[in-house]
Amino acid sequence: MDLTHSAEDEAVRNEIRTWLEENLSGDFAGLRGRGGPGREHEAFDERVAWDRHLAAAGWTCLGWPEGHGGRGLGLIQKVIFHEEYAKANAPARVGHIGEELLGPTLIAYGTEEQKQRFLPGIRNVTELWCQGYSEPGAGSDLASVSTRARLEGDSWILDGQKVWTSLAHVADWCFVVARTEPDSKRHAGLSYLLVPMDQPGVEVRPIDQLTGTSEFNEIFFDGARTDASLVVGEPGEGWKVAMATLGFERGVSTIGQQVGFRRELDGVVAMAHENGAIEDPVIRDGLVRARMGLEVMRLNALRTLAGSSTGADEGPAASIAKLVWATWHRSLGELAMEVAGAPSLVADAPPYDLDPWQRLFLFARADTIYGGSNEIQRNIISERVLGLPREPRP
Amino acid sequence: MDLTHSAEDEAVRNEIRTWLEENLSGDFAGLRGRGGPGREHEAFDERVAWDRHLAAAGWTCLGWPEGHGGRGLGLIQKVIFHEEYAKANAPARVGHIGEELLGPTLIAYGTEEQKQRFLPGIRNVTELWCQGYSEPGAGSDLASVSTRARLEGDSWILDGQKVWTSLAHVADWCFVVARTEPDSKRHAGLSYLLVPMDQPGVEVRPIDQLTGTSEFNEIFFDGARTDASLVVGEPGEGWKVAMATLGFERGVSTIGQQVGFRRELDGVVAMAHENGAIEDPVIRDGLVRARMGLEVMRLNALRTLAGSSTGADEGPAASIAKLVWATWHRSLGELAMEVAGAPSLVADAPPYDLDPWQRLFLFARADTIYGGSNEIQRNIISERVLGLPREPRP
Amino acid sequence: MRFALTEEQRGFAEVLDDLLAASNTPQVVRSWAHGDHDAGLKLWQRLTELGVSGLLAPEEQGGLDADAVDLTVAFEALGRHAVPGPWVESAALLPALLRGTDQDEFLAGIASGGNLATALVTDMGSHALDADVATHRFVLHGTTLYGGVAGAVHRSVDPARRLCPVEAGAEVVDLAEATTVRAVDTAVLACSAQLLGAGEHLLRAAVDHARSRKQFGRAIGEYQALKHALADIRVALDFARPLVHVAALALREGSSDARRDVSAAKVAAGDAAYTAARTALQVHGAIGYTEEYDLGLWITKVRALVTAWGTPALHRARVHEAITRRPVEV
Amino acid sequence: MRFALTEEQRGFAEVLDDLLAASNTPQVVRSWAHGDHDAGLKLWQRLTELGVSGLLAPEEQGGLDADAVDLTVAFEALGRHAVPGPWVESAALLPALLRGTDQDEFLAGIASGGNLATALVTDMGSHALDADVATHRFVLHGTTLYGGVAGAVHRSVDPARRLCPVEAGAEVVDLAEATTVRAVDTAVLACSAQLLGAGEHLLRAAVDHARSRKQFGRAIGEYQALKHALADIRVALDFARPLVHVAALALREGSSDARRDVSAAKVAAGDAAYTAARTALQVHGAIGYTEEYDLGLWITKVRALVTAWGTPALHRARVHEAITRRPVEV
C-alpha cells in the first residue's frame, strides 16, 4: 500500500501542468473557474473554443484506445489529468457527455460505421451530445420509458418527451432510450438511438430553475427522424446499452470533482475566518467534519481506483461514492449559507444573480436527486452489497 | 392559552407534596430514587410495602372512578401527582401494570364479577400483574400470536410462550393474549385471558440482560389453566381489548417520566462541569440540545393534555411522543457516556455492577425498541397522521 | 392550565386560511417578485380587514390590542401561504416599538392598512425588506429609531423578498432598551411562526406528491424511507410549535426568559421548516427544483427566513448563553 | 500509487479469519469475562504462531518487523472476532515503545508469545487491561516507562475487558518524546482497526438477522427503513477504513501529520462501529439486548473501545486543533 506516484506518472503530471499553465492564458485566461453544474451558461462559446484547443493538443478522450483517437492512458494518469485540470481551475468541459458517456458506449457496442462516423466529432469537440433518458413522471425509473420509436423504411420515427436534459439546447445529437416494441414492458423492448437535434421534429425548451439559470431542458419529439442504422446494439436491447452508459458515468473525473469541492470548502473556510463565523463552535465543527469528509472521499476514490483493475462489480462502489458526495455537497451548501449569514440573502441581477455561495446552496441541494437519488443509491447498496432482499414489486 | 394552574389544582399539588414529604421518611426514606426501568430489582419488597402505604392513604388509582376505589381525578391533577411524585424522587411503583393497564381495561371491558374480583387487589396492591403480549419471533407484531388456549369444561388450557414480560417473576396474575380459534389468522380468533401465575403449568425464566440485571422474563405455559369466566370481552375478540390496553399504556405518567429525565440530565450536566467535559463545544452543544429537547417534550405533553378532552384520536400523538422520548433518552445515555469519559469503563460487582450513567447508557438504548420500535412509530405517524398509503402486505 | 389555542384563535386561523387559499397566493408572490405589487397590496388590504396588520396596535388607534399568541396564529397563516410583503416589520416590529410613544397617527395608519412600513435593524443585517413599496422606512440602531433612506432594490435568494440597503435619516424616537428588545423579539417570534407555516405547507405538498406520484409501479408514498422522512418532519413541526407558543406566552407575560425562549423558537422552527424544505425537494425530485413549480416559492422563502431576523448561529448562541449562564440549568 | 492492501496482507487477514472463525471466540470471550483465561491464552498462542504478537518486534528478537498497515490488518481481524486480551498493549504499544532500547529479552518474549504485557498510559486513563493475567505490567507516564503494580480486578462495561488500577513501580526506561508519541499513536491505531472489525461483525450480524427474521409476514430486511440504515453503516465503515489505512501509512512514513491522522481514524472508526452497534441492536430488537445472545459481546466491546485509548472528545479536539492551526487548511 502506498500513496506515492511513480516517476512516469509524475512526468505525465508535469506535462499536463505545464501545458495548462502555458495555454490557460491570453484569450483563455478569463475562462478559469467558468462553467460547471449550475453555471453551464457561463462563457459557453469560449469554452467550446477551449475544448477544441485541448483536442488539438491531444488532451481529450485520454482513456480511449489510440486507434479511436485517444491516448490509451491508464486510470491513474487520467486521475492525474483531472487533478491538474481542476487545480488549474480550468473551465468546465462542454464535450464531456460525448467523451465520457457516448464515446465509451460506442466503443463497446457501436458498429464500425457508427464509430467512424461519431468518434472523431466527439474527440475533436465538433459535435456536442446530450443524454435522452429521463422522462416526465419517470424520474429514477428509467425502465418506465414511454417515448416511442418505430421503423419506417430507412428511418426511425420518434414521438415522446424527455426531460432534465443537460445542454440539449446546444447539442448536435442526442442518444435516446425509446420503446421500439409497442406492447413491451419495463426493460424489454427498448432501443438506444442516436438522433440529430437540428430537425423539425425536435423541440427544446429550457427549464428555469431556482438558481435563475436553465441548463436543463425538455425535449419534445414529434415525428423526429433518424437513420435506421443509428441504433446502438440490437433493437430491443437498449436497456443493456443504456446501463453500460450509466456505468461509464461514474468515471475517474470524481477525483477532479473533489479538487473543485476542496476549492469551494476553502472558500467557505476563508469566509468564516473573515466574518468571524469560525468562532461559532457548531460551525467550526461543521467545517472540520467537511474537511474530514472530503479527505475520506479522496481516499475512497483512490481505493476504488486500486480495486478497479480487479474487474470487481463497481456499481455499488459508485453508489456509495455518489451517496456520500451528494450528501457532503448539500451539507457544504448549507454550511456556506450559515457561514455567510445575513449578507447571503442579497443577490445581484440574473442570469448572474447569485453569488457563489448562494449558487452552491441552491445547486448542491439538487445533487441528492440527480444521477440517482440518495434513496436509489441506498437501495443499490443494501441489495447488491449487503444482499438484502428486494422490495416486493406489485 | 396559559400555563398557570388553578388554585384548586395548586391545592392538590400541596396536598400531595406535603404527604410525600411526611411519608417518605423513617423506613421509607431509603427508597428515594429506587426502582425504575433497568433497576426493578432494587428494594423490591420495601417498594411493595410503600405501594401499599400509598394505597392505604388513597394515592393509588387516582383516575379510576370513585365507585371502583379510585378518586376520579382529572388529567391535570393526575399530571400534578406524577410531577410531585417524581420531584420527591419517590420510588418506582410496583403496581403500575395493574393500575395503569389492566384496571382501565377491566373498567371498560370487564364483567361486573371481574371488576369486583380484581380491581380491589390492584387498588390495594395486594395482587401484582404482568402483561403477556410479546412472543419469541413476534416482536412488535402482536397479531402473529401463537400461544394457544382451548376451553375444556370450566377452564381455559394454555400452551405457548411469552417473552419480555416485565416483573413476571413477582406477579400473581398475567393478562394473556392467546389464540383461541385454532385456524384463525392475524387479528381474528384471539382472546384476552386472565391467568394465575402460581400453578404447575406456568414457568417463569428470567432473561439476563446486558445491564447485568434481569427484570424481563420468559413465561412458558404448559397446560396452564384459568377459569372459563376469566376472559375479558368476548372470546375471539381479544385483539380489540388488547389494543385498548395499549392505548392506556400511553398515560399521563409521561410527565412524571420527564421529571425523572430532568434529574438524569441535571446529573450529566453536573458531571460535565465537574470533569471539564463541558468545555468540549460538541458536548456542550449536545447538552443544550438535550435541555431544549426535554422542554419540548414537556410542552408537547401539556399540549396533548389540553387536546385530550376533545376526544381526538390520541394514537398518533402517543406515537410521536414515544418516538421522541425514546430517541432523546438514548441520546442522553450516549452523551452521559461521552461526558463520563474513561472512568465510565470501570464498574463494580453485579447486580449493582453499573453506575447510573452506564445503566442509563445500556438501558436507554432499549427504549427505541420496547413499547413499539421507532420504525413502528414512524409507520403509525406517516399512515395515520399524514395519510400515506400502507405498505403492501404479502 | 390550558396549553392550547382558544376557540377564537382557531377560528381566526381558519378565516385567514380560507381567505388566503382563495387568493392564488403563488401568483401574488410571482408578481411581487417582479416588482408588480398590485395583487399583493390588495391582499394586504383584505388581511388588514381581518385585523392582521393592526393586531398589536392599540385599540385607540383602531388596533386590536391582541397578544403575542394571536400574532403567531396570524403569521403561521402568512407563512403557510407564502404571503409577500413587510408583514413582520409593519405588524410586529413597529407596533411593538411605537406603542406608548407619540406616534399615534402612524399606528392608526398601520391598523387601517394605509401604512406599509419596513425597517432595518442594524445588528441583524444591512438591508430592509420591500423598501421600494413601503410607505414608511425606518432604521433601528441601538435604542434609537430613525427614518430611513432606501437605495436600489436588490434581488435576494427569495425573489419575493426584495431587499434594499437603507441609510438612517432623521431621528424619530429614542426608546427604552426593554422596549427595543421586546419589539425585536416580537419580530423574531413572528418570523418563527412564518417558518412554521411554511414548513406545514411544504410537508403537505410533499405528502400530496408522495400519494399521487408513482415510481416502479407504486405510489412513492408507500416506500418506507420516504414515509419515515415525512413522519420525522411531522414530529419536528409538532415539537417546534409549542416552543413558538411558549415564547409568545413569555413575551406576553414579560418573562425574563423571553429572549431565550424566542431564540429557541426561532432555532426550532427554522430547523423544522428547513428539514421540511429539504425533504419536500427530495420527494418531488427534479421538478421541485424548477421555477415554474410552486414548491420553489416556499423553498426559497424558508431559506431566507431561516437567516432573516438573526441567523441560526446567533439564536443558538443566545440559547447556549442563557442556559449555561446558570450551570444547574444546562 | 496503489491504495490497497497487498496480496500478502489480504492472505494474512484470511488466515486469521479462518483460525478465529474456527475458535468459537464467543465462548472464549465469555470464559475470559469470568476470569477463566485458559481458552483465551491458547488462542493467544495460536495467534502468536501466525505472527500477530510479534508483528512490530524486531526480526533479531523473533519478530516480523512488520509495518503499521500490517498491524491494522491483524487488529481488524481481532476486532471482527472480539478476541479478548491485552493485544493493543502487547502487540502494538510496548513493541513500539521498546524497539531500539535494551529490552531485547522482553521483546523476544512478546514475539514468542511468552510475554503478555499490559500498560496504563496515565494521560488516557487510570486502569490497565487484564493486569490479572498479564505477565508484565507497565505504567507510561510522560516519557518514562515504569513497572506497574496492579490492584484488584474491576468489572467493566465490557465484562471481557477486566480493568485494574495500576501504580507505577521501578523505572524501566526513559524514552524520547517522539518514541512515546509514536507508540501511543500506534496503540490508538490498533484500537481503531479493532473498532472497524467489530463494526464489520455487527453489520454482518444485523444483515443476517434482517434476512432471516420475519415480521408482519415479510423478512424485516425487505423494509426500506431498515435497508437504508444498514446501507448507511456499510458506507460509514467503507469510509472509515481508508482513514485507518492512511493513518497507518503516516505512522509508517513518520509523517508530521501522523497524530492528526490517527485521531481522525479513531473518531471515524469509533463513529462507524458505534452506529453499527446501535443499528444492530435496533434490527435485532429486544433479543440483542440479552446476555445469552452473542451480539452483546460486540456491542459492549464497541462501547468500551470507543472510549478506550482516548475519548472521542479528545481525538476530535486533536483533529480540530491540527486542522484549525493552519487557517487555510480547515
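Residue numbers start from 1 in every chain, and the chains themselves are labelled A, B, ... in the order their sequence lines are given, proteins ahead of strands. Every value quoted in this text rests on a predicted model; they were computed, and no experiment measured them.
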* **Derivation and outcome, side chain to side chain contact (heavy atoms under 4.5 Å, CB included), residues B:I320 and C:F239** => CA-CA 9 Å; B:I320 290 177; C:F239 275 74; 3.2 Å; yes
* Asked: Step by step, would you call B:L386 with C:L203 a side chain to side chain contact (heavy atoms under 4.5 Å, CB included)?
  -> CA-CA 9 Å; B:L386 300 179; C:L203 172 59; 4.0 Å; yes
* Asked: Could you go step by step and tell me if B:R378 and C:D232 meet the salt bridge (charged side-chain N to carboxylate O under 4.0 Å, His left out) rule?
  -> CA-CA 7 Å; B:R378 288 197 176 94; C:D232 284 342; 2.6 Å; yes
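Looking at C:V246, the atoms closer than 4.5 Å to chain B (heavy atoms on both sides) all sit in the side chain, from C-beta outward. If you measure heavy-atom distances from B:V324 to chain C, the contacts under 4.5 Å come from the side chain alone.
The greatest number of non-hydrogen atom pairs below 4.5 Å with chain B, out of C:V69, C:V319, C:L243, is found for C:L243. Taking B:A272, B:A270, B:G387, B:G293 one by one and counting their heavy-atom pairs under 4.5 Å with chain C, the maximum is reached by B:G387.
Note: B:I76 CD1 to C:F3 CZ = 13.0 Å, rounded to the nearest 0.5 Å. For the atom pair C:D261 CG and B:M292 CE, the distance stands at 9.5 Å (nearest 0.5 Å). Taking CD of C:Q224 as the reference point, atom OG of B:S382 lies at 8.0 Å (rounded to 0.5 Å). Remark: B:L323 CG to C:H228 NE2 distance equals 9.5 Å, nearest 0.5 Å. Taking CD of C:E253 as the start and CG of B:D2 as the end, the distance is 8.0 Å to the nearest 0.5 Å.
Residues B:R390 and C:E222 have side chains not in contact (no heavy-atom distance under 4.5 Å, counting atoms from C-beta outward). Considering only heavy atoms from C-beta on, C:E321 stays 4.5 Å or farther from B:V288 through its side chain. B:D285 places a side-chain heavy atom less than 4.5 Å from the side chain of C:R316. C:L249 has its side chain within reach of B:M1: a pair of non-hydrogen atoms, C-beta onward, lies under 4.5 Å apart. Considering only heavy atoms from C-beta on, B:R303 comes within 4.5 Å of C:D238 through its side chain.
By the 6.0 Å contact criterion, CD on B:E10 is enclosed, its count of non-hydrogen atoms from other residues, nucleotides or ligands being greater than 12. Applying the 6.0 Å contact sphere to CZ of C:R10 captures more than 12 heavy atoms from other residues, nucleotides or ligands.
Looking at C:K227, its side chain does come within 3.5 Å of a backbone N or O of B:P389 through a donor-acceptor pair.
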